[in-house]
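Order of the sequence lines fixes the chain letters, A, B, ..., with proteins taken first and strands second; residue numbering starts at 1 for each chain.
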Number of protein chains: 2
Amino acid sequence: MHQPSRLQQDLANRIVALVNDDGLAVGALLNENGLARRLAVSRTPVRGALRYLEDQGIVARRPNRGVELVAIPPKAQVAPAEDHDEWLVRIARDQRSGSLPQEITEGEVMRRYGLNRASVQRILSRLAELDMVERKAGYGWRFLAGTRDRATHDESYRFRLLLEPAALLEPGFHLEGAWIEAMRRRHEETLARPWQESSSVAFFEMNADFHEGLAAASNNRFIHAAIRHQNQLRRFSQYDWKFGFERVVVNCREHMEILDHLARNDREVASLLLRRHIERASLIRASGTDPG
Amino acid sequence: MHQPSRLQQDLANRIVALVNDDGLAVGALLNENGLARRLAVSRTPVRGALRYLEDQGIVARRPNRGVELVAIPPKAQVAPAEDHDEWLVRIARDQRSGSLPQEITEGEVMRRYGLNRASVQRILSRLAELDMVERKAGYGWRFLAGTRDRATHDESYRFRLLLEPAALLEPGFHLEGAWIEAMRRRHEETLARPWQESSSVAFFEMNADFHEGLAAASNNRFIHAAIRHQNQLRRFSQYDWKFGFERVVVNCREHMEILDHLARNDREVASLLLRRHIERASLIRASGTDPG
DNA sequence: GATTGTTCTATCTCACGATGAAATACAATA
DNA sequence: TATTGTATTTCATCGTGAGATAGAACAATC
């Protein structure tokens, strides 16, 4: 029983998603060539993914005939094998908590977290893209924590105020009805479920998906990319944020009101509401609770 | 006579700049520790840079006493050793011209351009940040040329329209008088000099510096970063662009009018003019001359 | 004829060691 | 005592080769 590679795990998940999308029933035969074409890879990793699913009892090989679906696969088959993002968050947190020095070498990071050099370089490069760290002149890296978090917060909100409301008014704007519905359900569920500290991350991600989804709907790739970037930045400074439930309620209500107007294609009002929503969020988060 | 390293060349240039800024005269003694502190590196590379300047007859060592300035250093000592950017431009051009296949492996790029793997990975990663290329699932990379260049052009201009005029109205906006003056001079020189095809790149860079300078003056790091990013993108698609001189004249006039208003701190009019300027540029460049 | 099974080649990733350069500590000198 | 000269240590980059995996071609089976 081979350990599946990163790509194979990924493909396994995507195959499960395809099976769901296609509405296949137990007993259906999967086709290696077809899957390979749809997934834009060769047959080899597809076979690896299928072998992995076989180990899990999702499919069964029928020699020379195909691969039969023998169980309805659960939605999130495997945790989407952990990304570098985990490390980004962890390192950013360690730095904020003071357990990492402000200046650091690649080797130190390698030893400290037990990573190989290539991974460390990728991670530090990504942190550099986010302006959380910079290369020192000779060698080593320097955290820019001091300069962030102070003025940055306001600049970020002003930046978003310029883009997000305008996104809804872009000529190419188009939002799928299904997206609106799914998003509304997620908000309702968040409101219905009992609140606990650990919901913070899920709440943050719902929030990020809401704003990113609207930006994506603008069909302007630069607006979309800019908002995605903002979300990444906020992810670092706010994962530790402890939201009070009152704040969650207000936030969801505002989001849902915007969704209502968008469902009726009333983009102008939605844009205004979104502007106010961001302005309010800016004030609340600026009021000092943020532990950043 | 050792060949100076990349860092040492860089430091040599910065030392020359410091000497100029400090207004030091011939005969002044430079101090290794002080330079190392100001340049945020250790003494070792500073010594390398000084040895390099010594070879050029700019300074002379006085054993155990210091390093004496013996000549007024010319402004641009050494061409700032070539960046990866050269390769980005070249590869982007090769791809557009069709001499690169749409899908390509790292190894092919290595062989073709005689680069080592690390460099190729850096270059491809940067192209990926610019959405000019993406990683394929298994291995290899795929150029995204087809999707760019068509709608992208409009989206880019609309994106800039949202940010650049607003940049001038940011609360933290502040523009140095010296910057305005220097920029005005560059524009005057461009208009005065006889125009030739080869001026295209210089004209583009002046243009980019103008827009980026205004974005930087907003003192909003996100606006600044976004515009810098836009400039990088445009650099690839427009380096080959052949500007007619009429267009150059109009462009410079519009820029200078904006500078005039900014010199009087009339930001609102400047913002309006900037909006119109971008709108016009959008139309002209969309009219089909662009060979992208 | 289409699909899976098998084999072979090409490509990437990782680890190791050599090399050159930067950082640091210490000695020498004004 | 401050500054340069010298030696040692630490670090990052580059090249190489082994191992794993993706891609592609061919054979076998229904």
Side-chain angles (χ1 to χ4, degrees), chain A residues 2-11 29-37 39-52 54 59-68 103-111 115-122 124-125 135-141, chain B residues 2-11 29-37 39-52 54 59-68 103-111 114-122 124 135-141:
Chain A
H2 280 283
Q3 187 69 5
S5 75
R6 175 77 184 76
L7 173 60
Q8 289 170 13
Q9 278 192 37
D10 204 59
L11 292 178
L29 278 178
L30 303 180
N31 165 323
E32 289 183 359
N33 281 311
L35 288 174
R37 208 176 330 109
L39 297 167
V41 293
S42 73
R43 267 178 60 211
T44 311
V46 169
R47 285 175 68 83
L50 289 174
R51 189 176 49 200
Y52 176 51
E54 188 181 9
V59 301
R61 294 214 91 92
R62 303 292 174 229
N64 282 315
R65 292 194 47 242
V67 174
E68 186 181 325
E103 307 202 334
I104 200 166
T105 62
E106 292 178 8
E108 278 177 87
V109 180
M110 285 169 64
R111 285 189 289 278
L115 295 168
N116 62 21
R117 180 161 248 114
S119 300
V120 170
Q121 286 176 336
R122 275 194 290 272
L124 288 174
S125 297
R135 234 179 214 293
K136 292 206 299 180
Y139 58 73
W141 301 73
Chain B
H2 279 284
Q3 187 70 5
S5 74
R6 173 78 185 75
L7 173 60
Q8 288 170 14
Q9 277 191 36
D10 204 59
L11 291 178
L29 278 179
L30 302 180
N31 164 324
E32 289 184 0
N33 282 309
L35 288 174
R37 209 177 329 109
L39 298 168
V41 294
S42 74
R43 267 177 59 214
T44 312
V46 169
R47 286 176 66 82
L50 290 174
R51 189 175 50 201
Y52 176 52
E54 188 180 9
V59 301
R61 293 214 93 90
R62 304 290 174 233
N64 282 314
R65 291 194 48 243
V67 174
E68 186 181 325
E103 306 202 333
I104 200 167
T105 63
E106 292 177 7
E108 279 177 87
V109 180
M110 287 169 63
R111 285 189 289 277
L115 296 168
N116 62 20
R117 180 163 248 111
S119 299
V120 170
Q121 285 175 337
R122 274 194 290 273
L124 288 174
R135 228 178 218 295
K136 292 206 297 179
Y139 58 71
W141 300 73

Rounded to whole Å, the CZ-C1' distance (Arg65(B) to dT29(C)) equals 12 Å
Just call it for Gly66(B): base, sugar-phosphate, or nothing, with non-hydrogen atoms closer than 4.0 Å on any strand.
-> sugar-phosphate
| message | Counting the atoms with a prime plus P, OP1 and OP2 as sugar-phosphate, which does Leu30(A) contact under 4.0 Å by heavy atoms, base, sugar-phosphate, or nothing? | response | sugar-phosphate
Checklist entry - Is any side-chain nitrogen or oxygen of Ser5(A) closer than 4.0 Å to OP1 or OP2 of dA20(D)? => result no
Could you check whether the side chain of Arg43(A) and the base of dG5(C) have a donor-acceptor pair of N or O atoms closer than 3.5 Å, going by distance alone? yes
Whichever of Pro63(B) and Tyr139(B) has the more 5' nearest nucleotide on DNA chain C, that residue is Tyr139(B)
Considering every strand and a 4.0 Å limit on heavy-atom distances, what is the contact class for Arg135(A): base, sugar-phosphate, or nothing? sugar-phosphate
Check: Would one find a side-chain N or O of Asn33(B) under 4.0 angstrom from OP1 or OP2 of dA2(D)?
Finding: no
The reported gap from CG in Asn116(B) to CZ in Arg122(B) (rounded to nearest 0.5 angstrom) is 7.0 Å
Separation of dT4(C) atom P from Leu50(A) atom CG, nearest Å, is 9 Å
Closest non-hydrogen contact found for Glu106(A) with Val120(A) is O-CG1, 4.0 Å
Ile104(B) CD1 to dT11(C) C1', in whole Å, measures 13 Å
* Asked: Within the pair Gln121(A) and dA12(D), is there a side-chain N or O less than 4.0 Å away from OP1 or OP2?
  -> no
Smallest heavy-atom separation, Glu54(A) atom then Ala60(A) atom, equals CG-CA, 4.4 Å
Of Leu7(A) and Thr105(A), the one whose nearest nucleotide on DNA chain D sits closer to the 5' end is Thr105(A)
Any Thr44(B) side-chain N or O less than 4.0 Å from OP1/OP2 of dA22(C): no
In whole angstroms, the gap separating C1' of dT3(D) from CZ of Arg37(B) amounts to 12 Å
Kindly check if the number of other-residue, nucleotide or ligand heavy atoms within 6.0 Å of CZ (Arg65(B)) is above 12? no
Atom NZ of Lys136(A) and atom P of dA23(C) are separated, to the nearest Å, by 7 Å
Contacts of Asn64(A) and Val41(B) projected onto DNA chain C by closest heavy atom; the upstream (5') one is Asn64(A)
With respect to the phosphate group of dA12(D), does any side-chain polar atom (N or O) of Arg117(A) fall under 4.0 Å of OP1 or OP2?
yes
inquiry  = Is Asn31(B) close enough to dT3(D) that one of its side-chain N or O atoms is under 4.0 Å from OP1 or OP2 there?
reply    = yes
Rounded to whole Å, CZ of Arg47(B) lies from P of dT6(D) at a distance of 7 Å
Answer yes or no: side-chain N or O of Arg61(B) and base N or O of dG5(D) forming a donor-acceptor pair under 3.5 Å.
no
Look at the side-chain N and O atoms of Gln3(B) and state whether any lies under 4.0 Å from the OP1 or OP2 oxygen of dG20(C). no
